[in-house]
Each structure stands twice: as structure tokens, then as C-alpha cells.
Amino acid sequence: MKKITYNEIAEQMSETNDDRCCTVIALAQLLNINYKEAYDIAKSHGRRHGEGMTWGDMYAMYKIELAKIGYVLNRLSLREILETIDRPN
């Protein structure tokens, strides 16, 4: 299956006259779906046209939608994130 690109999503987004939609774009890329599908999912989780989402609402949405396709979303502490990054000494 072809991976949807940011440019394809951005073009679809421009047709909706939507803004403050980084969450919708991220969801579309995460689930490899088009902008309209991601827009509808975000709307079902409380996002309104032209408005962003709170961190809590985004986290809940991503967790639910990823679970539908067999993934688990876990929060990581800053320490856990930094431990996974290759950094020069």
C-alpha cells in the first residue's frame, strides 16, 4: 500500500478551508488515510473546524484510533525518551 504523503494531505486540507489542523494531518499520516477521513475521526473526538485540540483530547483520540488497528500508545517520560536517542558524549 502506498504511503500517503504530507503534500497530498496538505493539498486535501487546502480544499477544506481548514486551519489549526496539525492534529488532523498527523492522524492522516499515522493511519495512512486521507485528510477527510482523518478530519471526520478528529471531529468524532470533539475537534471543531478551524480549531486545535487539547493535549488530553489528542492523546485519547490517538490511543483509541491506534487500538482499532492493533497498536498501543504509551506515554513516555522525558528520561525514557532521552534514553532512546543516540547523543554524543
Side-chain angles (χ1 to χ4, degrees):
M1 174 186 292
K2 180 182 177 271
K3 185 78 174 147
I4 193 163
T5 67
Y6 172 82
N7 288 338
E8 291 169 325
I9 296 166
E11 185 177 316
Q12 295 166 1
M13 183 259 322
S14 68
E15 296 168 2
T16 67
N17 197 29
D18 194 13
D19 59 357
R20 299 187 62 188
C21 55
C22 57
T23 300
V24 179
I25 292 169
L27 184 64
Q29 287 201 287
L30 181 65
L31 300 179
N32 198 35
I33 58 178
N34 68 43
Y35 185 87
K36 177 70 171 122
E37 291 172 289
Y39 178 94
D40 290 342
I41 290 170
K43 185 177 179 179
S44 75
H45 287 277
R47 182 187 180 268
R48 298 201 305 225
H49 186 82
E51 295 184 18
M53 293 178 78
T54 67
W55 285 106
D57 288 343
M58 283 188 293
Y59 179 79
M61 176 182 69
Y62 289 140
K63 190 170 187 167
I64 290 166
E65 296 304 323
L66 285 170
K68 289 178 182 178
I69 59 172
Y71 289 93
V72 176
L73 179 65
N74 294 311
R75 286 185 190 236
L76 297 175
S77 69
L78 180 56
R79 174 179 278 164
E80 291 169 314
I81 293 168
L82 291 175
E83 287 172 355
T84 65
I85 298 172
D86 250 349
R87 296 182 295 165
N89 293 332

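All residue numbers in this chain count up from 1 along the given sequence. Heavy atoms only: backbone and side chains are in, while hydrogens, waters and symmetry mates are out. Just so it is clear, the structure is predicted and the values come from calculations on it, not from any experiment.
Closest of all the heavy-atom pairs between H45 and E65 is NE2-OE2, 2.8 Å. Among all heavy-atom pairs drawn from M61 and A42, the shortest one is SD-CA, 3.6 Å. The nearest pair of heavy atoms linking Y59 to L73 is OH-O, 3.5 Å. When all heavy atoms are compared, the tightest approach of Y6 to Q29 is N-NE2, 3.4 Å. A pairwise comparison of heavy atoms in L27 and A38 identifies CD2-O, 3.7 Å as the closest pair.
Hydrophobic clustering, with ILVMFWY side chains joined whenever heavy atoms are under 4.5 angstrom apart, keeps Y71 apart from I64. M13 and I33 end up in different hydrophobic clusters when Ile, Leu, Val, Met, Phe, Trp and Tyr side chains are linked at under 4.5 Å. Under the 4.5 Å side-chain heavy-atom criterion for Ile, Leu, Val, Met, Phe, Trp and Tyr, I4 and Y35 are members of the same hydrophobic cluster. Linking ILVMFWY residues whenever their side-chain heavy atoms come closer than 4.5 Å, directly or via other members, leaves V72 and I69 in distinct clusters.
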Exercise for review: Please assess L31 against L66 for the test side-chain contact (heavy atoms from CB on, under 4.5 Å), listing each intermediate value before the final yes or no.
Suggested key: CA-CA 8 Å; L31 300 179; L66 285 170; 4.2 Å; yes

Review point. Step by step, would you call D57 with T23 a side-chain contact (heavy atoms from CB on, under 4.5 Å)?
Key: CA-CA 10 Å; D57 288 343; T23 300; over 6 Å; no

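In this structure, CD1 in I25 is found 10.0 Å from CD in Q12, a value given to the nearest 0.5 Å. Taking CD of E80 as the reference point, atom OG1 of T84 lies at 9.0 Å (rounded to 0.5 Å). Distance CE/M58 to CZ/R47: 11.0 Å, rounded to 0.5 Å. To the nearest 0.5 Å, the span separating CG on D19 from CD on E51 amounts to 9.5 Å. Here the NZ-CD1 distance, from K36 to I41, works out to 11.0 Å after rounding to the nearest 0.5 Å.
Not one N or O on the side chain of D18 forms a donor-acceptor pair closer than 3.5 Å with the backbone of H49.
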